[in-house]
Amino acid sequence: MFIYEGIVILTNDGKFQAAILKLTNDEPGCDTVMERECDSIEEANIWLDDEMSRLVNNKGIWEL
């Protein structure tokens, strides 16, 4: 079994790195499913919401 988790980190150059991770409970670590560099935290969160919706519902948040 696995779960997807979205994270946003602030990089040294002042940009935001958004990533979706695939976590599994039967092995340590995780896989990066997708990632994107963004200029703002808002842009990073919108991207995460849309891509997570695509993974779970097969449609982006703008398509529901």
Side-chain angles (χ1 to χ4, degrees):
M1 187 166 123
F2 64 88
I3 60 172
Y4 292 114
E5 183 172 337
I7 62 166
V8 177
I9 59 169
L10 179 60
T11 61
N12 290 335
D13 62 357
K15 297 201 179 228
F16 294 89
Q17 187 73 28
I20 298 175
L21 306 175
K22 183 178 179 181
L23 308 168
T24 56
N25 61 352
D26 58 346
E27 59 186 63
C30 62
D31 294 322
T32 303
V33 177
M34 358 178 146
E35 60 185 294
R36 178 179 174 151
E37 185 176 88
C38 302
D39 292 326
S40 69
I41 188 100
E42 292 84 9
E43 180 186 354
N45 284 322
I46 290 169
W47 180 82
L48 276 176
D49 288 345
D50 194 47
E51 293 303 323
M52 290 288 278
S53 181
R54 285 182 200 284
L55 286 170
V56 174
N57 301 316
N58 294 322
K59 290 184 180 180
I61 56 174
W62 311 114
E63 301 170 40
L64 293 177

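FYI, the numbering just counts along the sequence from 1. Computed from heavy atoms alone, side chains included, the values below leave out hydrogens, waters and symmetry copies.
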Nearest-0.5 Å distance that lies between atom CD in Q17 and atom SG in C38: 8.0 Å
Sequence neighbours excluded, the answer for salt bridge (Lys or Arg N to Asp or Glu O under 4.0 Å) partners of D39 is K15
Approximate separation, where rounding is to 0.5 Å, of L10 CG and I41 CD1: 8.0 Å
In the structure I gave you, are the side-chain heavy atoms of V33 and Y4 within less than 4.5 Å of one another anywhere? yes
Within the distance-only criterion (no hydrogens, no angle test), does the side chain of T24 pair as donor or acceptor with the backbone N or O of F2 below 3.5 angstrom? no
Let's go through L48 and V8 carefully: what are the C-alpha distance in whole Å and the side-chain angles of both, what is the deciding distance for side chain to side chain contact (heavy atoms under 4.5 Å, CB included) to 0.1 Å, and is it a yes or a no? CA-CA 9 Å; L48 276 176; V8 177; 3.4 Å; yes
For atom CG of N12, is the number of surrounding heavy atoms from other residues, nucleotides or ligands below 6.0 Å larger than 12? no
Could you tell me the separation between the CG atom of N45 and the CE atom of M52, rounded to the nearest 0.5 Å? 11.5 Å
Just verifying a value: how many Å separate M34 CE and W47 CH2, rounded to the nearest 0.5 Å? 6.0 Å
Sidechain N-carboxylate O distance under 4.0 Å for R36, E43: yes
Minimum heavy-atom separation for F16 and A44, please, with both atom names. CB-CB, 4.3 Å
Which pairs pass salt bridge (Lys or Arg N to Asp or Glu O under 4.0 Å) with one or both residues in residues 48-58, sequence neighbours excluded? D50-R54, E51-R54, R54-E63
I20/T32 under side chain to side chain contact (heavy atoms under 4.5 Å, CB included): CA gap, chis, key distance, verdict: CA-CA 6 Å; I20 298 175; T32 303; over 6 Å; no
